[in-house]
Amino acid sequence: MSRRAPGRALAFALALAAGTALAAPSPASADPIPRAPGHRLVDACAGAPVTARPLPGTPPPQHPYLAPNGRSGMHADGWGSAASPWSGPLGAHPRADSERMALLGGECATVTFDRAGRIVTVCGTFTGFLVKPLDPRSLATPAEYELPQRPSTVEAITRLDFSRIFMDTSSGASSHLDNEDRLVLADSRQHIVRLAHRQRADGGREFTVTGDWDLGDQVPHDCATWADPYPDGGCDPVTSVMPDRQGRIWWVTRQGRVGTVGPATGTVRSVRLDGEEIQNSFSVAADGVSIVSDHALYELTATADGTPAVVWRQTYDRGTGTKPGSVNQGSGTTPDIFGDGGRCVAITDTADDRMHVLVYRRGAAVPAGRRLVCVVPVFASGASTTDNSLISWGDSLVVENNYGYENASSLTFGRSVAGGVTRIGVRPDGSGCETVWESGERSPSVVPELSTGNGLIHLYAKDPHSLGVDAWYLTAVDFCTGRTRWKQLVGTGVGYDNNWAPITVGPDGTAYIGVFNGLAAVRDEG
């Protein structure tokens with residue numbers, strides 16, 4: 001990924017801070033994210049309401065140590081399907097609301113839902129990360145828990161290079177809600193923390209730490225802090241955590257460490273994928289864990305003492321450099337486990353000319369020569385990459401094109417990305433794959449979500465605009481046909497850029513989008 005000059009990055013950040021400071025009085029009050037000028041120059045909506053058409057098929061099995069499917073995290077379930085079991089908005093007089101979490105930043109990336117329907121999320125500001133329970137309707141915050149400052153924020157300010165923040169996937173971005181409504185994440189101290197929230201006697205809410213596991217003996221943790229912004233030692237941020245089917249908590253780091261923690265014993269075990277980076281989350285099935293590095297796709301299991309062991313490894317075409325729209329020179333996808341019994345796993349590569357969707361057979365006994373099911377090129381020559389999870393449902397996969405998106409300043413002044421969304425189908429006999437449909441929608445960086453309750457794929461789209469208006473739309477695409485059914489304006493300006501955050505459909509049918517300045521929500525009112 002090409003990096004902006006430090007001076008330009010600082011100018012952007014200061015301009016954004018000044019603009020948002022003038023637009024609203026205080027981040028402490030319940031304020032919507034301000035819209036940038038020009039929102040009256042674009043359509044508020046397009047298309048027409050649709051009738052829900054639930055999709056046939058079997059959802060991924062419920063993971064015993066995660067909250068119910070659709071409630072647990074960014075990718076909806078342990079298989080990473082990005083398929084919600086609920087019906088999201090149908091375009092019947094949709095209404096867009098938002099909640100501003102900070103003067104600068106405030107993005108609430110992973111949205112989870114507890115048993116009572118409350119949102120539990122982590123919101124990243126330029127002063128720190130905050131764990132928040134939110135009312136799903138008003139988006140009001142009754143409590144918060146402050147996490148330690150990320151090293152990338154310290155580095156961005158001390159080195160005048162704000163790209164460090166936008167490329168950092170660590171410290172709570174890939175948190176999950178467990179089967180007891182506790183949020184589990186890795187903080188910037190290289191600790192895995194488990195947080196429960198409860199109602200106090202006075203009616204308010206509070207967080208309590210119910211688990212804290214230090215990975216410091218096996219993960220370098222001499223990271224930049226305000227007290228020591230230029231440390232001498234190594235720092236290896238934890239990028240994601242997820243339980244396996246036996247209850248161990250698996251974790252991965254940016255510099256290729258893969259490990260487990262036994263919650264009951266606190267025993268930590270790990271291995272190192274030498275010379276490889278891991279920037280994505282991972283997926284879990286009953287028989288193993290699927291992890292992708294910037295060199296290869298891995299299937300792993302744990303030995304009796306919890307040490308990760310490689311079952312098989314498959315390299316892919318990683319190209320010759322990092323593309324604009326990718327965090328590093330490697331696959332940007334969390335592996336998708338899918339198909340009958342989880343027999344397949346899919347990622348994308350980063351080949352130079354055209355990116356490919358790659359599908360593999362997962363079984364440990366599969367001969368090496370039969371591991372690969374298909375290689376399908378997607379999007380235009382010289383303009384294809386993705387840094388988001390695929391959608392998987394049945395034997396189908398949906399991929400979006402993020403080529404051209406680098407950070408929240410990439411698409412200002414009416415710019416957009418090359419765009420494109422494609423559905424791939426695996427043949428019933430497993431002999432290969434076919435392209436089912438192609439859409440020209442431009443969804444720059446969102447983790448899209450399929451609503452299996454109504455048959456719509458929810459994207460977060462932005463088209464080029466000749467007058468420089470940056471308009472962001474929740475966009476519904478028919479899963480079966482690829483046809484765009486409706487669009488609803490969410491907001492205008494940088495504050496509404498989702499900056500790699502996902503769309504999450506909630507139990508009440510609302511679609512939530514983490515955006516640069518907080519959290520947005522779209523729900524039907526008609």
Side-chain angles (χ1 to χ4, degrees), residues 1 73-75 78-80 109-110 150-152 164 166-176 184-188 190-192 215 218-221 223 234-244 248-261 268-285 288-302 306-319 322-323 326-337 345-350 358 360 385-390 447 500:
M1 179 182 296
M74 182 180 295
H75 302 300
W79 282 12
T110 298
R150 292 197 305 176
S152 60
R164 293 174 183 266
F166 296 117
M167 296 171 67
D168 189 354
T169 57
S170 68
S171 301
S174 293
S175 55
H176 67 266
V184 183
L185 54 85
D187 67 22
S188 61
Q190 277 73 353
H191 283 227
I192 294 176
L215 309 181
Q218 300 190 36
V219 179
H221 57 282
C223 304
C235 178
D236 188 10
V238 179
T239 52
S240 188
V241 296
M242 179 83 76
D244 66 15
R248 300 181 195 90
I249 300 174
W250 284 65
W251 50 270
V252 296
T253 73
R254 182 178 302 157
Q255 295 172 17
R257 290 175 171 86
V258 180
T260 70
V261 173
V268 180
R269 296 284 186 267
S270 68
V271 296
R272 179 89 182 268
L273 310 179
D274 289 331
E276 301 184 29
E277 285 187 3
I278 302 173
Q279 289 278 17
N280 304 297
S281 188
F282 53 91
S283 298
V284 178
V289 177
S290 298
I291 294 174
V292 67
S293 76
D294 61 342
H295 285 72
L297 173 65
Y298 290 82
E299 190 75 13
L300 300 101
T301 58
T307 302
V310 176
V311 178
W312 54 264
R313 177 182 188 267
Q314 187 80 36
T315 59
Y316 59 84
D317 188 346
R318 63 193 297 263
T322 302
K323 296 181 179 182
S326 296
V327 171
N328 66 358
Q329 187 185 337
S331 176
T333 48
T334 294
D336 268 55
I337 298 171
V345 60
I347 60 170
T348 61
D349 66 14
T350 47
L358 310 174
Y360 303 92
T385 193
T386 193
D387 215 74
N388 283 313
S389 173
L390 306 169
V447 182
W500 302 117

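Because the structure is a prediction, the values reported are computed rather than measured. Throughout, numbering of the chain's residues begins at 1 and tracks the sequence.
Residues meeting the side-chain contact (heavy atoms from CB on, under 4.5 Å) test with H221, sequence neighbours left out: Q190. With sequence neighbours excluded, no residue forms a salt bridge (charged side-chain N to carboxylate O under 4.0 Å, His left out) with E277.
Atom OG1 of T253 sits about 10.0 Å away from atom CD of Q279, to the nearest 0.5 Å. Rounding to the nearest 0.5 angstrom, the gap separating the OG1 atom in T333 from the CG atom in D349 is 9.0 Å. In this structure, T385 OG1 and Q329 CD are separated by 10.5 Å, a value rounded to the nearest 0.5 Å. Note that NE2 of H75 is 7.5 Å distant from OG1 of T110, once rounded to the nearest 0.5 Å. Note that CZ of R248 is 15.5 Å distant from CE of M242, once rounded to the nearest 0.5 Å. With rounding to the nearest 0.5 angstrom, the CD atom of Q255 is 12.0 Å from the CG atom of L273.
The closest side-chain heavy-atom distance from V447 to W500 is not below 4.5 Å. In this structure, the side chains of V345 and S283 stay at 4.5 Å or more apart for every pair of heavy atoms. Residues W312 and L297 form a side-chain contact, since some pair of their non-hydrogen atoms from C-beta on lies under 4.5 Å apart.
Side-chain contact of S240 with S281: a donor-acceptor pair under 3.5 Å is present, judged by distance alone. Side-chain contact, S389 with D336: a donor N or O sits under 3.5 Å from an acceptor N or O. Counting only N and O atoms by type, the side chains of T386 and T348 include no donor and acceptor under 3.5 Å apart.
The two residues S331 and N280 make their nearest non-hydrogen contact at O-ND2, 2.9 Å. Here the closest heavy-atom approach between residue Y316 and residue S293 is recorded as OH-O, 2.6 Å. Among all heavy-atom pairs drawn from T260 and P308, the shortest one is CG2-CG, 4.2 Å. In terms of heavy-atom proximity, V284 sits nearest to W79 at O-CD1, 3.3 Å. Between F282 and W251 the shortest heavy-atom distance is CZ-N, 4.3 Å. Of all the heavy atoms in V252 and V258, the pair that sits closest is CG1-CG2, 4.2 Å.
A salt bridge links R313 to E276: at least one charged side-chain nitrogen sits closer than 4.0 Å to a carboxylate oxygen.
With respect to D236, the salt bridge (charged side-chain N to carboxylate O under 4.0 Å, His left out) criterion is satisfied by exactly one of R254, R272, R257: R257.
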(message) Determine whether D294 and T350 satisfy the following criterion, side chain to side chain contact (heavy atoms under 4.5 Å, CB included), listing intermediate values before the conclusion.
(response) CA-CA 9 Å; D294 61 342; T350 47; over 6 Å; no

(Q) For I192 and V238: C-alpha separation, side-chain torsions, deciding distance, then whether side chain to side chain contact (heavy atoms under 4.5 Å, CB included) applies. (A) CA-CA 9 Å; I192 294 176; V238 179; 5.5 Å; no

